Amino acid sequence: MAIEEQALQGRMAEIRHKLLVLSGKGGVGKSTVAANLASSLARAGKRVGLLDIDVHGPSIPKLMGLEDRGVQIGGEEIIPVKVSDNLSVMSIGFLLSSGKDPVIWRGPRKYHLIRQFLKDVVWGQLDYLVVDSPPGTGDEPLSVAQLVGSPAGAVIVTTPQDVAIADVRRCVSFCNTLSLPIVGILENMSGFVCPKCGERTDLFKRGGGMALALEMDVPFLGQVPIDVEVVMTGDSGRPLPSEGPLSPAAKAFSDVVDSILAHTE
Ligand code: ADP
């Protein structure tokens, strides 16, 4: 076996579970889910790494409040940014010289970058590596699904309306083709409850993700409503709270994390 391949397998063998956060299309809250999932798992006492491989639009530095941070690179090793004792973050965004310039890379270059990230980032022993992939079923999710080895599972994020659901079908088929187990489908932006009058409005309809999970025989992880707290915490680089009086989204998200823990542990 080539030395590089051995090094990659050795690194991946130190990680108990790899969770690939996927979505059929952009803007459904995939990165928000990845950031909150990593933070919640760390708060539950797990050793967690969060890896952002969205070459064209890395959001994790902003969502985790790490925009000004760089990483240390020594020889072939990359030291991720430590958020706390048991949560480390690595993003392609830490390596780009300017957040304003687009990255114009073809598939093979992206494959090599992802491979290098998986092989060279020094996570140490982890319980979970949460990977935020770009939306769709292109080069990046394909590369990461092929490279991480097992055990790995996909968390598929969608919004409830038909136009998003059509793309989730492709995402489920993608996982099936790659024999990547699906941890479950999460329906995000599922209804909005007015904080003033309490009336519920289903802006993007409701139940589409749940119906699809049933139809495709995939576990359903829950419905997270539209909630201004998600936007505020995301924009200010903080995770959703997990204690005290919880907002509707924080409560729903905490149930989703419990399901993921139950599924994987
Ligand atoms: P993606 O990674 O799928 O492109 P993001 O995670 O970047 O999506 O989220 C897109 C926007 O939607 C962000 O501004 C985020 O704060 C917002 N958002 C995500 N989920 C929710 C939610 N449940 N309620 C309100 N806003 C949300």
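Counting starts at 1 for both ligands and their atoms, in listed order. By convention here, the first residue in the shown sequence is residue 1. Predicted model only: the values in this text are computed from it and were never measured.
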Residue Lys30 vicinity, atoms of ligand 1 by number, heavy atom under 4.0 Å | 1 (P), 2 (O), 3 (O), 6 (O), 8 (O)
Do any heavy atoms of Pro225 fall under 4.0 Å from ligand 1?
-> yes
Consider only side-chain N and O atoms of Gln223 and Arg206, and report whether a donor and an acceptor are under 3.5 Å apart.
-> yes
Are any of the N/O atoms in Val228 less than 3.5 Å from those in ligand 1?
-> no
Please say whether Gly26 places an N or O atom under 3.5 Å from an N or O atom belonging to ligand 1.
-> no
Does the protein put any heavy atom within less than 4.0 Å of atom 11 (C) of ligand 1?
-> no
Euclidean distance, Cys171 SG relative to Asp167 CG, rounded to 0.5 Å = 8.5 Å
What distance do Leu246 atom CG and Glu243 atom CD have between them, rounded to the nearest 0.5 Å?
-> 8.5 Å
Short check: is a protein heavy atom less than 4.0 Å from atom 14 (O) of ligand 1?
-> no
Quick one: does His263's side chain get under 4.5 Å of Pro219's, heavy atoms only?
-> yes
Below 4.0 Å from any atom of ligand 1, is there a heavy atom belonging to Gly234?
-> no
Thr32 N/O to ligand 1 N/O under 3.5 Å = yes
Could you tell me the residue and atom name of the protein heavy atom closest to atom 8 (O) of ligand 1, and the distance to it rounded to 0.1 Å?
-> Gly29 N, 3.1 Å
Name the closest protein heavy atom to atom 16 (O) of ligand 1, giving the residue it belongs to and the distance to 0.1 Å.
-> Val231 CA, 3.6 Å
Where is the nearest protein heavy atom to atom 21 (C) of ligand 1: which residue, which atom, and how far?
-> Val230 CG1, 3.4 Å
Using distance alone, determine whether Lys25 and ligand 1 share an N or O pair under 3.5 Å.
-> no
Nearest-option assignment for atom 24 (N) of ligand 1, heavy atoms, candidates Asp227, Val28, Val33 = Asp227
Taking atom 19 (C) of ligand 1 as the reference point, the nearest protein heavy atom with its distance | Met189 CE, 3.6 Å
Tell me yes or no: between the side chains of Asn188 and Ser190, is some donor less than 3.5 Å from an acceptor?
-> no
What is the minimum heavy-atom distance between Val122 and Pro80, and which atoms define it?
-> O-CD, 3.2 Å
May I ask you to identify the nearest protein heavy atom to atom 20 (N) of ligand 1, giving residue, atom name and distance to one decimal place in Å?
-> Asn188 ND2, 2.9 Å
Around Glu265, counting heavy atoms of other residues, nucleotides and ligands shown, do more than 12 lie under 6.0 Å from its CD?
-> yes
Among Ser59, Ser31, Gly191, Ser247, which residue places a heavy atom closest to atom 2 (O) of ligand 1?
-> Ser31
Side chain to side chain, Phe220 and Glu187, heavy atoms closer than 4.5 Å | yes
Gly27 near ligand 1, heavy-atom distance under 4.0 Å?
-> yes
Check whether any side-chain heavy atom of Leu118 lies under 4.5 Å from a side-chain heavy atom of Leu51, and answer yes or no.
-> yes
From OG (Ser143) to NE2 (His112), nearest 0.5 Å | 9.5 Å
Please say whether more than 12 non-hydrogen atoms of neighbouring residues, nucleotides or ligands are located less than 6.0 Å from CE in Met216.
-> yes
